[in-house]
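This is a predicted model, so every value here is computed, not measured.
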Amino acid sequence: VQLQASGGGLVQAGGSLRLSCAASGRTSSDYYVAWFRQAPGEEREFVAIMARNPGSIDYADSVKGRFTISRDNNGNTVYLQMNSLKPEDTAVYYCAAGSYFSKNQYRYNYWGQGTQVTVSS
């Protein structure tokens with residue numbers, strides 16, 4: 001499966017962005033799809049995950065109540081709606097697909113190229 005992440009940009013604190021992860025080759029409903037992020041000088045960290053049907057979901061504590069992961073009806077695109085953004089959300093965001101419901105980046109076989117999110121204070 002090939003993944004293409006998009007939707008990043010520059011936004012002021014308190015603003016919103018919606019990231020998209022488009023899957024080709026196989027639909028995202030065949031895999032668990034997660035979002036990770038990596039800030040400069042930091043380790044890549046888990047943000048959110050959506051399971052294959054039925055759609056179990058989990059979030060990192062730092063984004064709970066602010067971010068929402070969802071999937072379109074045909075299963076080809078997974079979204080990350082990010083509201084109430086904070087400067088500490090600044091990072092490159094990656095989507096990933098794998099065969100396990102996991103917060104561990106090493107359990108994922110397929111990665112998108114990353115999209116930059118910058119939140120100004």
query: Can you tell me if Q113 uses its side chain to pair, donor with acceptor, with the backbone of A5 under 3.5 Å?
result: yes

field: Atom of V1, atom of S24 and distance for their closest heavy-atom approach
entry: CG2-O, 3.2 Å

message: How long is the straight-line distance from OH of Y110 back to OG of S99, given to the nearest 0.5 Å?
response: 7.0 Å

- request: Go through the steps to decide whether Q116 and T118 satisfy the test side chain to side chain donor-acceptor pair (under 3.5 Å), and finish with yes or no.
  value: CA-CA 6 Å; Q116 176 70 47; T118 303; 3.3 Å; yes

- prompt: So which heavy atom on V119 is nearest to which on T90, and how close?
  reply: N-OG1, 2.9 Å

- request: To the nearest 0.5 Å, tell me how far M82 CE sits from W35 CH2.
  value: 8.0 Å

field: Worked check of side chain to side chain contact (heavy atoms under 4.5 Å, CB included) between F101 and I49
entry: CA-CA 7 Å; F101 189 87; I49 185 173; 3.5 Å; yes

statement: In this structure, CD of Q81 is separated from OG of S16 (nearest 0.5 Å) by 5.5 Å

task: Indicate, with yes or no, if Y79 and V47 share a hydrophobic cluster defined by side-chain heavy-atom contacts under 4.5 Å among Ile, Leu, Val, Met, Phe, Trp and Tyr.
output: no

field: T115 side-chain N/O to G8 backbone N/O, donor-acceptor pair under 3.5 Å
entry: yes

field: Separation between CZ of R37 and CG of D89, rounded to the nearest 0.5 Å
entry: 5.0 Å

query: CG/D58 to OG/S102 distance, rounded to the nearest 0.5 angstrom?
result: 10.5 Å

task: Following the transitive rule for hydrophobic clusters with a side-chain heavy-atom cut-off under 4.5 Å over Ile, Leu, Val, Met, Phe, Trp and Tyr, establish whether L85 and L10 coincide in one cluster.
output: no

W111 vs Q2, side chain to side chain contact (heavy atoms under 4.5 Å, CB included): CA-CA, chis, key distance, verdict: CA-CA 8 Å; W111 290 85; Q2 293 79 44; over 6 Å; no

field: Set of residues satisfying ring-ring contact (aromatic ring centres under 6.0 Å, His included) with respect to Y59, sequence neighbours excluded
entry: none

- request: Please determine which of L80, T77, V78 meets the side chain to side chain contact (heavy atoms under 4.5 Å, CB included) test together with V33.
  value: V78

message: To the nearest 0.5 Å, what is the distance between OH on Y31 and CG on L3?
response: 9.0 Å

message: Quick test of your reading: applying disulfide (SG to SG under 2.5 Å), list the pairs with at least one residue in residues 63-94, sequence neighbours left out, ordered by first then second residue.
response: none

- prompt: What residues, two or more places apart in sequence or in another chain, satisfy side-chain hydrogen bond (donor to acceptor under 3.5 Å, both in side chains) together with S120?
  reply: none

- request: Quickly, which of Y108, Y94, Y93 forms a ring pair (Phe, Tyr, Trp, His ring centres under 6.0 Å) with F36? Name it, please.
  value: Y108

message: Take a 6.0 Å sphere around CG of N73 and say whether it holds more than 12 heavy atoms from other residues, nucleotides or ligands.
response: no

